[in-house]
Amino acid sequence: MRRLMAFFLLIVAAGIPAVARDQAGQVTARHQMIAAANPLAAEAGLAMLRAGGSAVDAAIATQMVLGLVEPESSGIGGGAFLLLFDPRTGKTTSFDGREVAPASATPGMFLGLDGQPRGKQEVIPGGLSVGVPGVIGMLEMAHKKHGKLPWARLFQPAIALAENGFPVGPKLARTIQNFATRGAGLPDIRRTFYHPDGTPFRQGEIFRNPDYAATLKAITAGGARAFYTGEIAQAIVDTVKNTPMNPGGMTLDDLANFRAKERAPVCGAYRVWKICSMGPPSSGGIAIVQIMGMLQRFPSSELQPGTLSEAHLFTQASRLAYADRAKFLADSDFVKVPVAGLIDPGYIAGRAAQIDPSRDMGTAGAGNPPEKHAAFAPQRSPVLHGTSHMTIVDKNGQVIAMTTSVESVFGSKTMVKGFLLNNTLTDFSLQPVLDGLPVANAPAAGKRPLSAMSPTIVFDRNGKFLLSVGSPGGPNIISYVSQTLLAMLDGGLDPQAAIALPRQLNSNGPTRLEKSPTNDALAPGLTAMGHTVTVTAGEGSGLHGIKRVSGGYIGGADPRRDGVVLGE
């Protein structure tokens, strides 16, 4: 154990380990690979793979380090979805670690005295927005089924870094700096990420978190039970109930009663490939299957990256999928979500027929899938970006795609024992009724909020693993992942090139183009086709992907963040 801790201190001093690259600069590996949002986290995962661990083992070690080095995006105070392909059985399954609303939650919990929804930024800070965290419970469930290394060993890299310190990375440093004005009024954020004089930790400064180390030690000794009961649980409840802003009603029973769930994935065909992703309470899998299914109508030659036809057709399919998402998607344990109807090939073909190859359709309406469903109003609540993604393949071919989140940046802005608590309950529709109809994604006790997280795995025509990809980015995750799949499957791009493409999005509103020479050239043509085009300075994607190729794997990490690909 001492050697392992010393190894990670060496990593801190030396930086990113060397990786193999092909002639095009693509990261390659023969046996196993990890792509994750921070070099220290990726190295923690790779260390578990080298020790004979499974992809699940590597994911746990990676997540524990991410909660330390990228706490603004994910951590043990949040939730996650994990998609897993087991080559021994040939089966794909998913683990749902989405946060759960406490028993005190009500449909109108985010309404003001006037009966109107309060602003999202107003209700995020404090305890009202905090759902029962799901990461630890989910990872323990996955480990019991698919882990190889001892549970405690997987936490050692994060414990060593938390106790001995690590240099603040570029993304965390930028986030703290950009948060300086708001952070001054948030005691937990100010106390943790700023010096006593109010100046933020800067890139390269050594940051320690002994409270987080102590929490992880308790979980290594007592498992998930040590998180959901006892001292840690009591601290969570005390913080949620006693925050000066927006106190919540979470209880010890809410934590003790949390259960992660194993669920069937959502899968659909795209040309010769099979795409699998996460089902409800995520909307990601259904929307991706719909977008890709609608685009099957068009030849690959019209879906090449950087072309006007691809940008137009992709945004039209996106409009239709997002329209269905807003109306039908929610926690299927509470709402009858017409999953089979929404991904029915005939229904998708009918939606695709609405796409005019030469003209923007404008705001799309939801369809009428061939499965009984209740009458709901489409929700309008915005979702923010505090999320991370990892993709891992071990030497036995087990594949993990895991997207993990605290919802917005720094979650609820409250901390407990060294980790941030999520604000995931604001992923519910803040307005439970619209135009006299209920919203499917309205809050309720014990309900999981709707998500767009989309960990995705693609299989070739023989049913073998081909590639995996996922991203942070709130509702835009669906577009980020779909566009990347399109570029790899139809465009033939490698993961790194596909991930680095300038983003093109439409969530059933304006067509948004990430500023780039390619998109600048497309904007006039899209405008002439009737699109309302807006240009963004940058997109919040953090895509990570791995593809199986002859002789091993190649991977990609989003240049917009601090992610890396490592393997051997």
Side-chain angles (χ1 to χ4, degrees), residues 55 80-96 98 142 145-146 261-297 317-318 320-321 324-325 328-329 331-333 337-352 367 369-371 389 391-393 397-403 450-471 477-486 488-490 545-548:
F81 293 132
L82 187 155
L83 191 68
L84 181 149
F85 170 64
D86 185 350
R88 297 173 303 169
T89 62
K91 293 182 179 179
T92 304
T93 189
S94 71
F95 295 91
D96 175 359
R98 184 66 162 164
K145 294 193 172 191
H146 299 280
K261 296 191 176 187
E262 185 171 2
R263 300 183 187 271
V266 169
C267 300
Y270 181 65
R271 305 197 195 280
V272 300
W273 302 285
K274 178 182 178 182
I275 298 174
C276 291
S277 189
M278 194 75 200
S282 178
S283 59
I286 290 172
I288 288 170
V289 168
Q290 285 188 322
I291 290 170
M292 301 300 289
M294 283 184 263
L295 293 174
Q296 284 189 109
R297 170 189 168 195
S318 296
L320 293 162
D324 279 354
R325 174 187 188 269
F328 298 115
L329 273 294
D331 183 350
S332 56
D333 292 341
V337 179
V339 177
L342 288 167
I343 63 173
D344 177 79
Y347 174 71
I348 291 176
R351 297 289 273 169
E371 186 180 356
H389 179 81
T391 293
I392 306 169
V393 183
Q398 184 182 90
V399 182
I400 289 294
M402 175 172 151
T403 310
L450 183 65
S451 172
M453 294 191 290
S454 308
T456 301
I457 298 175
V458 179
F459 302 90
D460 66 16
R461 67 177 70 224
N462 298 313
K464 293 183 178 180
F465 165 70
L466 177 64
L467 62 92
S468 176
V469 69
S471 180
I477 290 172
I478 293 165
S479 295
Y480 297 155
V481 172
S482 298
Q483 185 188 13
T484 303
L485 292 176
L486 204 63
M488 294 177 71
L489 297 176
D490 283 281
I546 293 174
K547 182 180 180 181
R548 179 181 57 83

*Is the closest side-chain heavy-atom distance between D490 and R271 below 4.5 Å?*
yes
*When you measure from the side chain of S283 to the backbone N and O of S451, does any donor-acceptor pair fall under 3.5 Å?*
yes
*Passing candidate, side chain to side chain contact (heavy atoms under 4.5 Å, CB included) with V469, options L485, I546, V458*: L485
_Using only atom types and a distance under 3.5 Å, with no angle test, would you say the side chain of S468 pairs donor to acceptor with the backbone of T456?_
yes
*Could you grab the distance from atom CG of L467 to atom CD1 of I457, nearest 0.5 Å is fine?*
9.5 Å
_Side-chain heavy-atom pair F95, I400 within 4.5 angstrom cut-off_ = no
*R461 side chain to V272 main-chain N or O, any donor-acceptor pair under 3.5 Å?*
no
*Specify the closest pair of heavy atoms between C276 and L83, including all atoms of both residues, with the distance to one decimal.*
O-CD2, 3.4 Å
_Working note: Y270 + I288, criterion side-chain contact (heavy atoms from CB on, under 4.5 Å); need CA distance, chi angles, decisive distance, verdict._
CA-CA 10 Å; Y270 181 65; I288 288 170; over 6 Å; no
*Applying the side chain to side chain contact (heavy atoms under 4.5 Å, CB included) test to S482, which of L295, I275, I291 qualifies?*
I291
*Would a distance-only check, ignoring hydrogens and angles, find a side-chain to backbone donor-acceptor pair under 3.5 Å from T403 to F81?*
no
*Counting only N and O atoms by type, is there a donor-acceptor contact under 3.5 Å from the side chain of S277 to the main-chain atoms of P455?*
yes
*Quick one: CG on L466 to CH2 on W273, what's the gap to the nearest 0.5 Å?*
8.0 Å
_What I'd like to find out is whether the side chain of D460 reaches to under 4.5 Å of the side chain of R548, using heavy atoms alone._
yes
_Do the side chains of D96 and R98 get close enough for a salt bridge, i.e. N-O under 4.0 angstrom?_
no
*For the pair D324 (side chain) and A287 (backbone), establish whether a donor and an acceptor sit closer than 3.5 Å, ignoring hydrogens and angles.*
no
*Do R351 side-chain atoms and L320 backbone N/O form a donor-acceptor pair below 3.5 Å?*
yes
*Indicate yes or no: at least one non-hydrogen side-chain atom of P281 is less than 4.5 angstrom from one of K261.*
no
_Side-chain (N462) to main-chain (K464) donor-acceptor, under 3.5 angstrom_ = no
*Criterion side-chain contact (heavy atoms from CB on, under 4.5 Å) on R325 and I286, from CA distance to verdict*: CA-CA 8 Å; R325 174 187 188 269; I286 290 172; over 6 Å; no
_Separation between CG of L82 and CZ of R263, rounded to the nearest 0.5 Å_ = 14.0 Å
*Any side-chain heavy-atom pair from T93 and D86 closer than 4.5 angstrom?*
no
